[in-house]
There are 2 protein chains.
Amino acid sequence: MTRETGRGRSSTPPRSADVAQLAGVSQKTVSRVFNDEAYVSADVRRRVLKAAEELGYRRNNAARALASGRTRSIGVVTLGTALYGPASLLMGVERAVRDTGYALRVVNTVEGDPTGIAGAVDSLLDQGVDGIVISEPIDEGGDGDGTESSVRVDVPVLVCGAPPPFAAPRVLAAGVGAELMARTVTEHLLDLGHRTVHHLAGPQRWYAARDRLDGWRAALTAHGRDEPPVVEGDWSAASGYAAGRELAADPDVTAVFAANDDMAIGLIRALTEAGRRVPEDVSVVGFDDIPVAAYVSPPLTTVRQPFDAVAQEGLKRLVHAIENPQADPLAASDPPVDLIVRASTAPPPPSNGRTSTQH
Amino acid sequence: MTRETGRGRSSTPPRSADVAQLAGVSQKTVSRVFNDEAYVSADVRRRVLKAAEELGYRRNNAARALASGRTRSIGVVTLGTALYGPASLLMGVERAVRDTGYALRVVNTVEGDPTGIAGAVDSLLDQGVDGIVISEPIDEGGDGDGTESSVRVDVPVLVCGAPPPFAAPRVLAAGVGAELMARTVTEHLLDLGHRTVHHLAGPQRWYAARDRLDGWRAALTAHGRDEPPVVEGDWSAASGYAAGRELAADPDVTAVFAANDDMAIGLIRALTEAGRRVPEDVSVVGFDDIPVAAYVSPPLTTVRQPFDAVAQEGLKRLVHAIENPQADPLAASDPPVDLIVRASTAPPPPSNGRTSTQH
DNA sequence: TTGAAAGCGCTAACAG
DNA sequence: CTGTTAGCGCTTTCAA
């Protein structure tokens, strides 16, 4: 266990004290230089940097965390799917976290784990993170079973598009704008002259799915239209296909808003197979703008979510909450809506709809 | 800064010493219990656990890392895309890491960062990880510019499907089986009677793209067929579309192997628009089996990569290397191939190919 | 089977 | 502008 006090290839990595010795300053001064603190003369700074370079010094984060009580890391809870939306959001979060200078730790909610998100948060807390992002919250229906209350979360939590899933003292909600987008696509369909719009929803445990449903409902209500029964899928193209077979049988269906592109594509396939043309007989819009959306047949009308912008703003607010525990949280702004009209939407067939533009 | 020595709501979280005091044992004994060390009587263990529970004790990982020199975390370098393949692999890695009991840290290679993967690795090293996974290596062409040599990587590195991108003493290569899969799909096309197979490749900086190209080439060579010029895309459906316009003009093209499904879909659209039917005139196969692959028109023949299996085995080997620095690395096994034949492939049109099955 | 002592490498107060 | 002195909460020896 001998540590060579001088330089030279030792088996253990160099410490700040080694750098200090080589630079002829105190250890604290090395710390100052690496933390960009004020009050270090340019000359000393240079000498320290040079010594550090020479030794190949890098700060020990464990020691930093222990001494300061902060890990400078943020944990994100994901759902462990490669679905385009969640995956894009995760990438946005990564970029945003990196911009803030924090490190990123990732935990999935485990498949069969009954503790779900709470369990994932717990494991993040075990690791010692300064803040938590729940990128794709789902409602685990845990009211009353105690799961929620057992975890004491004392770091700020950012939840993307949902109310707090458990009691934490400092929760920030990041609006992802899904509701407004859903409203917009529904209105796009209404504007084309459709009497009403059907909705192929995502699984309602997901808040992302609920937001879209809410937006759809709001649009119909605002325009005084009938609200047809909701069909619920599971985000998969297969479930969209299944729903499509049902909907194809109903001649009243002239417009469908699917909660994601995958389902929309399955839906279109089922409609087509049933002899209902898209968009001549039935208009379909999706959600997400997955990479192939413009190249399927027909090219899909859809909306694109501003994942990067949402993640960036959310993280700015989270970091603010971390670093200013007492201050009021920063306000959130509404992300922009990006409706992409392609060829899967059109006016309803003349036989079926009055062509009146009822505005 | 007073810390209440007893229990009670203190502002600072409880330490192992607090637990020890409450349980009436030494602090070291608490440590023993939480590390599942031998030589702790059942009675003591019980008491310690109870005290810990009561206090809401959780181990401080920073302190553990500092004292033991291990962070019990693994870092993964990703490319920051939501492409289905990379995203799926990342999710597989997360699951696999969690199974090993390590924590996961994620870093993207930054868009405009010239240091690329080396920079990402460096930042992981800064954070102090025990091992590194490079999930989607690309060739950054950095030979001679010194980028590679400057980083001293002293932890084991697992690279998925590529030779080591830089000199690190302990590098493991995880075969993802892409080459074999590419061979298999190419042979599938040959078996259908196509005289040769064109390849729409991915960007050749990606090793994943090179593997597929190699497999394609190997199949053609093994069967003594002509090797048509390679068209290179960028994974996007748009690039597949562009390539498709080119290929559609060439009547000799009867079968195309696209390096991913997105490009295949773009390609099919271009072919269709040019009047060449898929699969009657041209067969197309993709790669990845993205969620919508079965629902586009025509349903796409493709291969599915065993991301979870690859990640699991890779991580087992990485952890082995971390925990047994001296031992020989574990051997890798070949992942299985899962060819999914759907409706985008068929025998070549009679006008164009001799219908001989040349085996 | 248990405990005491000694750090791990850094930051946080204070002095100068 | 720079240095000194204490810890942060664990794991690691080494004893008992």
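Hydrogens, waters and symmetry mates play no part in the numbers below; they use all other heavy atoms, side chains included. All chains are named by letter (A, B, ...) in the order of the sequence lines, taking the proteins before the strands, and each is independently numbered beginning at 1.
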[X] side-chain N/O to [N] phosphate OP1/OP2 under 4.0 Å:
| X | N | result |
| --- | --- | --- |
| A:Ser31 | C:dT11 | yes |
| B:Ser16 | D:dC10 | yes |
| A:Tyr57 | C:dC10 | yes |
| B:Thr29 | C:dT2 | no |

inquiry  = Heavy-atom nearest nucleotide on DNA chain D for A:Val40 versus B:Arg72: which residue maps closer to 5'?
reply    =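 The residue mapped nearer the 5' terminus is A:Val40.
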
Starting from [atom2] on [N], measure out to [atom1] on [X] and report it in whole angstrom.
| X | N | atom1 | atom2 | value |
| --- | --- | --- | --- | --- |
| A:Arg70 | C:dG9 | CZ | P | 22 Å |
| B:Lys28 | D:dC10 | NZ | P | 12 Å |
| B:Tyr39 | C:dT2 | OH | P | 12 Å |
| A:Arg47 | D:dT2 | CZ | P | 8 Å |
| B:Glu37 | D:dT13 | CD | C1' | 12 Å |
| B:Arg59 | D:dC10 | CZ | P | 9 Å |
| B:Gln27 | C:dT2 | CD | P | 15 Å |
| B:Asn60 | D:dC8 | CG | P | 11 Å |

task = Let me know, please, whether A:Arg32 or B:Ala38 comes out on the 5' side of the other along DNA chain C by nearest nucleotide.
result = B:Ala38

Heavy atoms of other groups near B:Lys28 NZ, more than 12 under 6.0 Å = yes

Spacing of [atom1] belonging to [X] relative to [atom2] belonging to [Y], to within rounding of 0.5 Å:
| X | Y | atom1 | atom2 | answer |
| --- | --- | --- | --- | --- |
| A:Arg317 | A:Ile322 | CZ | CD1 | 12.5 Å |
| A:Arg32 | A:Ser16 | CZ | OG | 12.5 Å |
| B:Ile132 | B:Leu124 | CD1 | CG | 4.5 Å |

If you check every side-chain atom of [X], which of [options] has the closest atom?
| X | options | answer |
| --- | --- | --- |
| B:Ser68 | D:dT11, D:dC10, C:dC10 | D:dT11 |
| B:Ser41 | C:dG9, D:dC10, C:dT2 | C:dT2 |
| B:Ala67 | D:dT4, C:dC10, D:dC10 | D:dC10 |
| A:Val25 | D:dC10, D:dG3, C:dT11 | D:dG3 |
| B:Asn35 | C:dT2, C:dG9, D:dT11 | D:dT11 |
| A:Arg64 | D:dT11, C:dC10, D:dT2 | C:dC10 |
| A:Ala63 | D:dT2, C:dG9, D:dG3 | C:dG9 |
| A:Ser26 | C:dC10, C:dT11, D:dT4 | D:dT4 |

ask   = Any donor and acceptor pair, going by atom type alone, linking the side chain of B:Asp126 with main-chain N or O of A:Arg58 inside 3.5 Å?
value =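 It does not hold such a pair.
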
message = Any base atoms under 4.0 Å from A:Phe34, or only sugar-phosphate, or nothing? Heavy atoms, all strands.
response =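 Nothing, no nucleic acid heavy atom in range.
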
task = Have a look at B:Ile134 and tell me which of B:Ile117, B:Leu158, B:Val171 forms a side chain to side chain contact (heavy atoms under 4.5 Å, CB included) with it.
result =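 Exactly one pass, corresponding to B:Ile117.
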
